[in-house]
Amino acid sequence: MLDLPDASSLPAEWWALDAVTLAARLIGAGLFWRGVGGRIVETEAYRADDPASHSFRGETLRNRAMFGAVGRAYVYRSYGIHWCFNIVCDAHVPGSAVLIRALEPLAGLDAMAERRGTRAPKLLCSGPGRLTQALGIDGGQDGADLLAPPFRLTAPVGPHALLTGPRIGITKGVEQPWRFGLAGSPYLSRAFREGRAGPADPT
DNA sequence: TCGTTGATATTCT
DNA sequence: GAATATCAACGAC
């Protein structure tokens with residue numbers, strides 16, 4: 001009930017992918033924990049060689065999780081108010097992670113609505129700060145293992161088209177089209193401008 | 001509907 | 001001191 005039926009876990013080999021490739025693959029994947037969750041509809045990639053990334057200037061107390069084991073969470077405070085949730089990846093390039101920017105809410109809508117202070121579906125998880133609040137994720141989950149309960153990541157099911165575009169809210173690395181979205185989803189945090197749509201690569 | 005702005009913590013210069 | 005991977009409230013159209 002709190003999970004997608006017939007959903008399989010993410011292929012293990014995905015954790016060796018670079019952040020940009022994984023960010024694209026994660027579109028359509030399921031993210032669940034503690035009775036809430038949904039389908040990932042928007043992501044962004046960040047890498048250590050990327051001036052927009054927290055990991056660009058090396059390891060610090062805040063970004064320590066980005067340099068740790070893959071498949072774990074990197075959760076940081078944004079603008080002093082919100083929390084943002086990332087998935088650490090690419091063991092060959094420490095400092096790589098995928099920011100989860102929006103979910104299609106599927107499980108635990110009542111709990112999400114209570115935490116968010118609204119029942120409007122588009123306001124529950126459409127944005128990196130909104131989704132952490134809706135899911136009840138905060139700094140306590142920084143470094144948490146996402147490959148084991150209570151977390152569950154499930155592979156995308158069925159065909160879908162991808163949108164790509166520049167990342168949001170950054171001032172460096174703006175030329176990189178490392179934001180990805182699920183074409184046609186009403187749960188994106190913001191529209192994609194001239195988002196080139198294309199079929200998602202299987203596997 | 002759109003643009004502007006305040007809130008507020010942590011990091012880096 | 002300045003910047004920041006954001007959001008919601010507010011006022012002008």
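Letters go in sequence order (proteins before strands), and every chain restarts at 1.
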When the distance from CG of A:Leu123 to C1' of C:dA9 is rounded to whole Å, what number comes out? 13 Å
Which residue, A:Arg130 or A:Ile170, contacts DNA chain C at a nucleotide closer to its 5' end, judged by nearest heavy atom? A:Ile170
Under 4.5 Å between any side-chain heavy atoms of A:Tyr76 and A:Asn63, yes or no? no
Indicate whether the side chain of A:Ser9 and that of A:Arg152 have a donor and an acceptor atom separated by less than 3.5 Å. yes
Using whole Å, what does the distance between atom C1' of nucleotide C:dT4 and atom CG of A:Asn86 come to? 14 Å
Can you tell me how far P of C:dC7 sits from CZ of A:Arg77, to the nearest Å? 14 Å
With distance as the sole test, does A:Trp33 use its side chain to make a donor-acceptor pair with the main-chain N or O of A:Leu135 at under 3.5 Å? yes
Contact class for A:Arg167 (heavy atom, under 4.0 Å): base, sugar-phosphate, or nothing? nothing
Under 4.0 Å protein heavy-atom contact, by nucleotide of nucleotides 1-8 of chain B - B base, S sugar-phosphate only: ------BB
d(OH, A:Tyr76; C1', C:dA3) in whole Å: 13 Å
Given atom CG of A:Leu131 and atom P of C:dA8, what is their separation to the nearest angstrom? 12 Å
How would you label the contact of A:Leu99 with the nucleic acid (heavy atoms, under 4.0 Å): base, sugar-phosphate, or nothing? base
A:Gln133 and A:Arg116: side-chain donor and acceptor closer than 3.5 Å? yes
Measure all distances between protein nitrogen or oxygen atoms and nitrogen or oxygen atoms of nucleotides 11-13 of chain B, and list the pairs falling under 3.5 Å.
| from | atom 1 | to | atom 2 | distance (Å) |
| --- | --- | --- | --- | --- |
| B:dT13 | OP1 | A:Arg57 | NH1 | 3.3 |

Are the side chain of A:Thr132 and the backbone N or O of A:Trp83 linked by a donor-acceptor pair below 3.5 Å? yes
With DNA chain C as reference, determine whether A:Lys172 or A:Gln133 sits nearer its 5' end, using the nearest nucleotide of each. A:Lys172
Base, sugar-phosphate alone, or nothing: which one does A:Arg190 contact when heavy atoms must sit under 4.0 Å apart? nothing
Non-hydrogen atoms of A:Ala73 and A:Phe85 that approach each other most closely: CB-CE1, 3.7 Å
Using atom CZ of A:Phe85 as one end and atom P of C:dT6 as the other, report the distance to the nearest whole Å. 16 Å
Please work out if A:Thr171 contacts a base, only the sugar-phosphate, or nothing of the nucleic acid, heavy-atom cut-off 4.0 Å. sugar-phosphate
Complementary nucleotide of B:dT8, counting Watson-Crick and G-U pairs under 3.5 Å: none
Find the distance A:Asp138:CG to C:dT6:P and express it as a whole number of Å. 18 Å
Donor-acceptor contact present, side-chain A:Glu59 to main-chain A:Phe67, <3.5 Å: no
Testing the basics here: between A:Ile137 and A:Phe151, what is the closest heavy-atom pair and its distance to 0.1 Å? CD1-CE2, 4.2 Å
Per the side-chain contact (heavy atoms from CB on, under 4.5 Å) rule, which among A:Val20, A:Thr21, A:Thr43 passes with A:Val98? A:Thr43
